[in-house]
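Position 1 is the first residue of the sequence, and the numbers go up from there.
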Amino acid sequence: MIKIGIVGMGIRGNMFADTLSQNPYAELAAVSDAYETTRNASMDKYGVPGYLQVEDMLASEALDAIVIATPDFLHKEPVMLAARQGIHIMVEKPFSTSVEEAEDMYAEVEKAGIKCLVAFENRWNSPFVAVKEAVQNGEIGNILTINTRLNDTIYVPTKMLKWAGESTPGWFLFPHATDIALWLKSGVLPVSVYAVGTKKKLVAMGIDTYDSMQTIVSFDDGTHATFTTSWVLPESMPLIYDFKVEIIGEDGALYVDLSDQMVRKGGSVYSHVHTLGTPINGQYTAAPNYMLHSFVDHIRLDTMPESGAAAGLLNTKLVHAIHRSVLSGQVEQV
């Protein structure tokens, strides 16, 4: 049985712990969280040892792997500690919010020769899996442009995340959208970006971060993509997120709209029912669940994840360049 520890027992950490309960090859062996109340609650809920410091968990437990579900900017320490002990890693996106940190993390992972899966979960999201297959089968020809919109309601930075002021919609949301583009355009590299950002609403609410960001990305095959993100949509939106992707090829086009998941509900409010990932016969079926099962399979079958440290480093370089362009007002190289 593969023994896995989880670092960070917030919403995502609990979801990953629940997922492990349904995997026949792995089990949750320990948890770590910097907040004592959260650690204690996790110990009680899952019946495993808990630690305030990740280094104490790694020193005390015989773990095969860890899942890192800490905030965006707190990934480096657990990655470096685990890699140095030869422990396999699944780490939330973005790999890091610093290119220098991401390069150090990549180097340590490569040196250790461990499995590292960066949690670009939409690679396991059925609509995007279908799109990837269509692209690979040549159904739309070579991709000419990709246009993506990924937004959240204002609930996310004001109520869901305690650390929104230490992040941006660029770091929290862009990695999903940019990774899909890099995944679909496999082997084609981003070379430059031009981006703009707006700081108004959240700053006025005491949260010093961007409301929205937009960017044009140029690739080394002479094609381009546009990405826009915001996390100040009204809470009255029918779904907490709005994710739309347009992929235009030489011979056709593909359109993805994750904000409409086929079921709509009327009542005191109008909403879209979140059907992707609905449990079936008690089994979790969401993209993050399949992603974690995939990570376990890579460990037991001794295969390397496609969504690995190299993909994480490239994504960090791209999103970091976007943020640099917002600040400089100039085209920035990736």
Side-chain angles (χ1 to χ4, degrees), residues 1-75 77-79 81-83 85 87-95 114-125 156 160-163 172 176 240 274 276-300 305 307 312:
M1 188 68 73
I2 297 168
K3 296 185 179 299
I4 297 180
I6 298 179
V7 185
M9 290 304 296
I11 295 172
R12 299 283 288 188
N14 276 265
M15 178 193 64
F16 290 133
D18 292 338
T19 302
L20 287 174
S21 71
Q22 296 188 343
N23 190 291
Y25 304 104
E27 65 181 3
L28 179 64
V31 297
S32 170
D33 196 280
Y35 293 96
E36 189 169 2
T37 54
T38 304
R39 180 204 62 173
N40 292 342
S42 299
M43 292 169 63
D44 291 341
K45 180 178 180 181
Y46 296 108
V48 297
Y51 301 86
L52 294 175
Q53 302 295 328
V54 63
E55 56 263 44
D56 292 336
M57 180 178 76
L58 296 178
S60 302
E61 303 292 333
L63 300 177
D64 300 299
I66 64 169
V67 173
I68 301 168
T70 54
D72 298 348
F73 46 88
L74 294 176
H75 294 166
E77 181 185 17
V79 166
L81 288 169
Q85 294 189 34
I87 294 171
H88 304 299
I89 299 164
M90 188 177 94
V91 55
E92 277 286 9
K93 62 79 204 162
F95 192 44
I114 58 172
K115 320 294 183 191
C116 177
L117 187 150
V118 183
F120 295 120
E121 66 183 55
N122 282 292
R123 295 190 186 205
W124 287 265
N125 202 338
V156 171
M160 189 179 93
L161 301 180
K162 297 177 181 178
W163 42 270
F172 190 66
H176 286 300
I240 194 172
H274 197 289
L276 288 173
T278 301
I280 299 173
N281 292 331
Q283 297 297 304
Y284 302 126
T285 66
N289 308 131
Y290 288 125
M291 177 177 65
L292 181 50
H293 292 318
S294 172
F295 176 58
V296 171
D297 287 344
H298 283 299
I299 295 172
R300 70 183 185 88
S307 179

Does the pair Ile68 and Val79 meet the rule for a side chain to side chain contact (heavy atoms under 4.5 Å, CB included), with working shown?
CA-CA 8 Å; Ile68 301 168; Val79 166; 3.5 Å; yes
Apply side chain to side chain contact (heavy atoms under 4.5 Å, CB included) to Ile2 and Arg300, showing your working.
CA-CA 8 Å; Ile2 297 168; Arg300 70 183 185 88; 3.9 Å; yes
Atom pair [atom1]/[atom2] of [X] and [Y] - distance to nearest 0.5 Å:
X	Y	atom1	atom2	value
Met1	Asn23	CE	CG	8.0 Å
Leu117	His298	CG	NE2	6.0 Å
Leu63	Ile4	CG	CD1	9.0 Å
Phe95	Asp72	CZ	CG	13.5 Å
Glu121	Ser294	CD	OG	13.0 Å

For the pair [X] (side chain) and [Y] (backbone), establish whether a donor and an acceptor sit closer than 3.5 Å, ignoring hydrogens and angles.
X	Y	answer
His274	Leu276	yes
Gln22	Gly282	yes
Asn281	Gln283	no
Asn122	Asn125	no
Lys93	Phe172	yes

Using distance alone, with no hydrogens and no angle criterion, decide if Glu61 and Tyr51 have a side-chain donor and acceptor under 3.5 Å apart.
yes
Verify whether one side chain among Asn14 and Tyr46 offers a donor that lies under 3.5 Å from an acceptor in the other.
yes
Positive for side-chain contact (heavy atoms from CB on, under 4.5 Å) with Ile66, one of His88, Met57, Met90:
Met57
Close side-chain approach of [X] to [Y], heavy-atom, < 4.5 Å:
X	Y	value
Asp64	Ile87	no
Met291	Phe16	yes
Met9	Lys45	no

The test is side chain to side chain contact (heavy atoms under 4.5 Å, CB included); show your working for Asn289 and Met15 and say whether it passes.
CA-CA 8 Å; Asn289 308 131; Met15 178 193 64; 4.1 Å; yes
Show, in sequence, the C-alpha distance, side-chain angles and deciding distance for Tyr284 and His293, and conclude whether the side chain to side chain contact (heavy atoms under 4.5 Å, CB included) test is met.
CA-CA 11 Å; Tyr284 302 126; His293 292 318; 6.0 Å; no
